[in-house]
There are 2 protein chains.
Amino acid sequence: MDKKSIADPKGRSRPRVKIEDVAREANVSPATVSRVLNHPGIVRPELRDKVMRFITDLSYTPDSAARALKSGRMRTIGAIVPTLGLGIFAESVEALQNRLSESGYTLFIANSQYDQRRELQEMQSLIERGIDGIVLVGGSHGRELRTLVEQTGVPVITTYVSKAGGGIPAIGIDNERATREMTEFLLGLGHVRFGAIANILPSNDRSRARLDGIQRALSEAGIRLQPTQVIRADHSLAQGRKALRQLLTDHPATTAVICTTDTLAIGAMTEARKMGLSVPRAVSITGFDDVELAAQVDPPLTTISIPAAEIGRGAADYLISAIAGRPVPKSVLLPYRLVVRSSTTSPPKADRLPKRPR
Amino acid sequence: MDKKSIADPKGRSRPRVKIEDVAREANVSPATVSRVLNHPGIVRPELRDKVMRFITDLSYTPDSAARALKSGRMRTIGAIVPTLGLGIFAESVEALQNRLSESGYTLFIANSQYDQRRELQEMQSLIERGIDGIVLVGGSHGRELRTLVEQTGVPVITTYVSKAGGGIPAIGIDNERATREMTEFLLGLGHVRFGAIANILPSNDRSRARLDGIQRALSEAGIRLQPTQVIRADHSLAQGRKALRQLLTDHPATTAVICTTDTLAIGAMTEARKMGLSVPRAVSITGFDDVELAAQVDPPLTTISIPAAEIGRGAADYLISAIAGRPVPKSVLLPYRLVVRSSTTSPPKADRLPKRPR
DNA sequence: CGAGCCTCTGAAATCGTTTTCAGGATTATC
DNA sequence: GATAATCCTGAAAACGATTTCAGAGGCTCG
């Protein structure tokens, strides 16, 4: 049981250097070495330098397990994202990481694969490892997770949404209002025959809210979406294609398709072209997220731009304050932006009806 | 000093539940509770169940710091990836995570943003926190990182490449051979005027190897690429577009463009179309990675498919074995696959109108 | 029916730090 | 020159789990 020893290339093993070793060499007590490391101010400069020399000479690094055990702080934040494959999350995470490392924290990332069970599991893992704060995505989380949060008291913030259940604070945008605005924009262009493609999953309240926004705006305009005009899909290009095909098969007269995600929208555009329909002349298609690809695709996609980096930074600031015991806001609402590009235009004349009052 | 206590919303604070609390409630000793958790086999089933009930009732979770301190094992693996925004890494990471959690390990992910300094920093963070093993991407890492690995003796494996410097074991594909094969494929179609778009960064030896493969194959065919026929770009769609425009401005006669990445290739295709050039009739374009988008784009992209999931699983298996002290291979070479889709075809006959495909 | 064996449980030592507490040395004050 | 005040430093007690070492029962077997 040479636990903390290190097998070197030659097979021998050399024990980890401890604070006590440094103390012995420097002819001081372990307490002093610890003080040099943690409160350099209170130790006589001359002695401090001497100890420092021995620390570097022996290349001593404190055992973080022991340190965490005693001090109760891990200086680590965890983030649980639904998937790593989406550029949109990546941007937030990078901003989060940058801001955290400025404050001496390290970020650990886990992914839940859009699975609440998995999310809970990762959360437990993180908490067990003594994480100081946690960043989540979206507002719908299992009851168990919420009670876990309450019981342990770990600071948690959820992102990309404007409010979350269970009293968890949130930083993000108003998804519903965003799609409502998008829908109103399309109504303003004169569209009346709509379709929607949404990636509905129990754990994805963002898409849920986005879909609600669409339906709300339409019903205010006196339009009701039939069940077959709302296609549920997984979050992938292929599903976007399939969804569009089905939608246009059932409702060939559709002139505007609102997707809850750029990925779905881009898939839909590809399929529309394959079906011989020009975008936007025959169908207008919109997305949500404004991923890099959205501007590069042909035609460039009309979509909603999310302040991903700000969300990440904001989450970092929130957690740092919360950990330090400073007062924190209940939630932060950030602005989104409707980005009009070329995937949308007025409906073909034949289909155009007298404009309705908004 | 209420370190391990938790301030609840009302301001009171309640201490963390410890193994001793469980023991008291269940009327057994802490030792027994520990055994129930770590070696369930050696405790009488009846008693074990009883203790288990109290554990869940009190929702006790062992303090990992204390556990790690005593046992010297953290049961945690770290992965440092260059960026989270790429689907291709995400796939490996997910496979890695799945395989690890089967064995009771948790995966922490850090990202280096293609920056060696950052990578080293994250590595130190991970090691200080007592990580049991580390997964890297690519074979080029700073000297400091390599000595850190040697000194600490943490098991490390690098991925996506067939061999790495500094004696670090690797699991991945032969990048050079893959692009060589791709180039030979294009030569076989009759192309002679080539261009290459590569995302060259000091820390990215994969692209380096891929570019080498292209040049090797061409020079074997007696073709030499001029410096202006090799465009260096960052890894983004926009850069792919810019690169293609520049390439075709300098060398309008180019009939085949080999990109070291699907993202670049897709950007290039978009730009080609914008320039009024049909792909593949006027120019053939190829990518590398076979991301989801590659098959969905129009025309579908000819590219190299990488066994991303297998790489992840393999890395997990390697580390688990290495940690357990079992013998491990020096490196693992996995097969890639040349996927021919519709973005490539024979070059247009020199002075004739291009024949119509399909 | 008693000795011996096996199985299971508990007491206590231990992991490497941090931090409180108290005391020794040094300086300031009268 | 003695006493008080001020610094620093060291000894020792945690922190929360794991694990060794023994010992208490319950069985089997002679």
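Chain identifiers are assigned alphabetically (A, B, ...) following the order of the sequence lines, protein sequences preceding nucleic acid strands; residue numbering begins at 1 within each chain. Every value quoted in this text rests on a predicted model; they were computed, and no experiment measured them.
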For atom CD of Glu20(B) and atom C1' of dA11(C), their distance in whole Å: 13 Å
Euclidean distance, atom CG of residue Asp21(A) to atom P of dC15(C) [Å, nearest integer]: 12 Å
Glu46(A), CD: over 12 other non-hydrogen atoms inside 6.0 angstrom: no
Test: Asp21(A) and Arg24(A) ion pair at under 4.0 Å: yes
Atom pair distance, as rounded to whole Å: CG in Asp49(B) and P in dC8(C): 14 Å
Distance, rounded to the nearest Å, where Arg35(B) contributes CZ and dT19(D) contributes C1': 8 Å
Straight-line distance of Leu334(B) CG to Tyr160(B) OH, nearest 0.5 Å: 11.0 Å
Separation of dT19(C) P from Ile42(A) CD1 (nearest whole Å): 10 Å
Selection from dA11(C), dT17(C), dT19(C) that lies nearest to any side-chain heavy atom of Ala31(A): dT19(C)
Sugar-phosphate, base or nothing in reach of Leu37(B), heavy atoms under 4.0 Å: nothing
Earlier contact from the 5' end, DNA chain D, for Asn27(A) and Pro62(B): Asn27(A)
Nearest-neighbour nucleotide for the Leu69(A) side chain, dT18(D), dT18(C), dC15(D) considered: dC15(D)
Touch class at under 4.0 angstrom, heavy-atom based, for Ser34(A) against every strand present: base
Options dT9(C), dG16(C), dA17(D), nucleotide nearest the side-chain atoms of Tyr60(B): dA17(D)
Spatial distance of atom OG1 (Thr61(B)) from atom CD (Gln124(A)) [nearest 0.5 Å]: 8.0 Å
Any side-chain heavy-atom pair of Ile77(A) and Leu96(A) under 4.5 Å: no
Nearest-nucleotide 5' precedence on DNA chain C, Ala66(B) against Pro30(B): Pro30(B)
Whole-Å distance separating the CD1 atom of Ile19(A) from the P atom of dG16(C): 12 Å
Shortest side-chain distance from Val28(A), nucleotide among dG10(D), dT9(C), dT17(C): dG10(D)
Presence of Arg44(B) side-chain N/O under 4.0 Å of dT9(C) phosphate oxygens OP1/OP2: yes
Atom pair distance, as rounded to whole Å: CG in Asn38(B) and P in dA17(D): 11 Å
Whole-Å distance separating the CD atom of Glu46(A) from the C1' atom of dC8(D): 12 Å
Under-4.0 Å side-chain N/O to phosphate OP1/OP2 contact, Ser29(A) with dA11(D): no
side-chain N/O His39(B) vs dT18(D) OP1/OP2, d < 4.0 Å: no
Sugar-phosphate, base or nothing in reach of Val33(B), heavy atoms under 4.0 Å: nothing
Flag if over 12 foreign heavy atoms under 6.0 Å of CD, Glu102(B): yes
Candidate nucleotides dT17(C), dG16(D), dT9(D), ranked by approach to the side chain of Lys70(B) - the nearest: dG16(D)
Side-chain N,O (Arg67(A)) to OP1/OP2 (dG16(C)) below 4.0 Å: no
